[in-house]
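Chain letters run A, B, ... following the sequence lines, proteins first, then strands; residues in each count from 1. This structure is a prediction, so every number in the text was calculated from the model and none was measured. Values below: all heavy atoms of this structure, side chains included; hydrogens, waters and symmetry mates excluded.
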Amino acid sequence: MCGVSVGRGSSEDVPPYVDGVLEIVDRIPMGKVLSYGDVAELAGHGGARLVGRVMAIWGGAVPWWRVVRADGRPATGHEQEALKRLRSDGAPLRADRVDMRAARWDGRRS
DNA sequence: ATAATGACGTCGG
DNA sequence: TCCGACGCCATTA
């Protein structure tokens, strides 16, 4: 079940927090989203900027489009791409923004 | 060791 | 609603 595990193990020089972040993002259910700050908080360390870095590099292994900014706007530089995916997921989009009020994932259960 | 950068966040205008 | 400034945290120059 769910083995995000990008495959670090001991082959690549991957920082420790990466695994935790990828794990959470991979758990986000379809139609729901989390803000960078939320993911960082669930991860229990670092901050939003850290999550942003993880997504930018190793995010390709997880549904990165479900991670949006606190204002509900998709990641900078990938707005079109993310919006397209969010629509496919059935996320509550309002114009080009996600309705965080309803789309924000609680973060418990899988 | 200091400065600059980045898929961010919050506040003020 | 849009824009700018400051703060946060780890990496890189």
Side-chain angles (χ1 to χ4, degrees):
Chain A
M1 345 223 250
C2 31
V4 191
S5 328
V6 272
R8 54 256 132 339
S10 59
S11 309
E12 302 173 29
D13 304 325
V14 181
Y17 50 80
V18 176
D19 200 24
V21 173
L22 293 177
E23 172 73 358
I24 293 167
V25 177
D26 182 51
R27 269 163 114 167
I28 302 175
M30 186 172 94
K32 290 283 188 173
V33 301
L34 279 180
S35 66
Y36 289 89
D38 289 344
V39 175
E41 198 169 345
L42 291 170
H45 61 63
R49 310 262 355 190
L50 261 298
V51 177
R53 179 187 307 272
V54 175
M55 302 307 301
I57 303 174
W58 306 276
V62 294
W64 55 266
W65 57 87
R66 287 178 192 155
V67 182
V68 300
R69 285 175 53 173
D71 59 335
R73 210 171 147 181
T76 307
H78 293 255
E79 298 142 356
Q80 290 298 312
E81 198 67 27
L83 284 167
K84 191 173 116 182
R85 300 253 191 203
L86 289 166
R87 290 215 184 238
S88 295
D89 285 352
L93 291 178
R94 188 177 341 171
D96 283 6
R97 282 178 232 184
V98 182
D99 186 342
M100 297 300 288
R101 189 188 36 151
R104 203 174 184 191
W105 179 42
D106 301 72
R108 35 205 71 129
R109 73 190 173 234
S110 53

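- Using a 4.0 Å heavy-atom criterion, one finds that R73(A) contacts no nucleic acid atom at all.
- Here R94(A) does not reach the OP1 or OP2 of dT1(C): none of its side-chain N or O atoms lies under 4.0 Å away.
- Distance from the side chain of L50(A) is smallest for dC9(C) among the nucleotides dC9(C), dT1(C), dT11(C).
- The line from CG of D99(A) to CZ of R104(A) is 12.0 Å long, rounded to the nearest 0.5 Å.
- With rounding to whole Å, D71(A) atom CG is found 12 Å from dC3(C) atom P.
- For the residue pair D71(A) and R97(A), the shortest heavy atom distance occurs at O-CD, 4.3 Å.
- As rounded to whole Å, 15 Å separates atom C1' of dA7(B) from atom CG of D38(A).
- Distance from the side chain of W64(A) is smallest to dA7(B) among dA7(B), dG6(B), dG9(B).
- In this structure, A70(A) reaches the sugar-phosphate backbone alone: every heavy-atom distance under 4.0 Å involves primed, P, OP1 or OP2 atoms, never a base.
- Separating the OH atom of Y36(A) from the P atom of dA10(C) is a distance of 18 Å, rounded to the nearest angstrom.
- If you check distances only, the side chain of Y17(A) never reaches the base of dA10(C) with a donor-acceptor pair under 3.5 Å.
- In this structure, Q80(A) places its CD atom 18 Å from P of dA7(B), rounding to the nearest Å.
- Distances were taken from every side-chain heavy atom of T76(A) (C-beta onward) to each of dT1(C), dT11(C), dA7(B); the shortest belongs to dA7(B).
- To the nearest angstrom, P of dG6(B) lies 18 Å from CE of M55(A).
- We find that CZ of R69(A) is positioned 14 Å from P of dT1(C), with the value rounded to whole Å.
- Counting non-hydrogen atoms under 4.0 angstrom, R53(A) reaches a base of the nucleic acid.
- For the pair R97(A) CZ and dT1(C) P, the computed distance is 6 Å after rounding to whole Å.
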Would L42(A) and L34(A) satisfy side-chain contact (heavy atoms from CB on, under 4.5 Å), going step by step from the backbone distance to the final call? CA-CA 10 Å; L42(A) 291 170; L34(A) 279 180; 3.8 Å; yes
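- Residue A75(A) is classed as a base contact, given a heavy-atom separation below 4.0 Å to a base.
- Hydrophobic clustering (side-chain heavy atoms under 4.5 Å, transitive across Ile, Leu, Val, Met, Phe, Trp, Tyr) keeps M30(A) apart from L83(A).
- No donor-acceptor pair closer than 3.5 Å links the side chain of K84(A) to the backbone N or O of E79(A).
- Counting any heavy atom pair closer than 4.0 Å across all strands shown, G77(A) reaches no nucleic acid atom.
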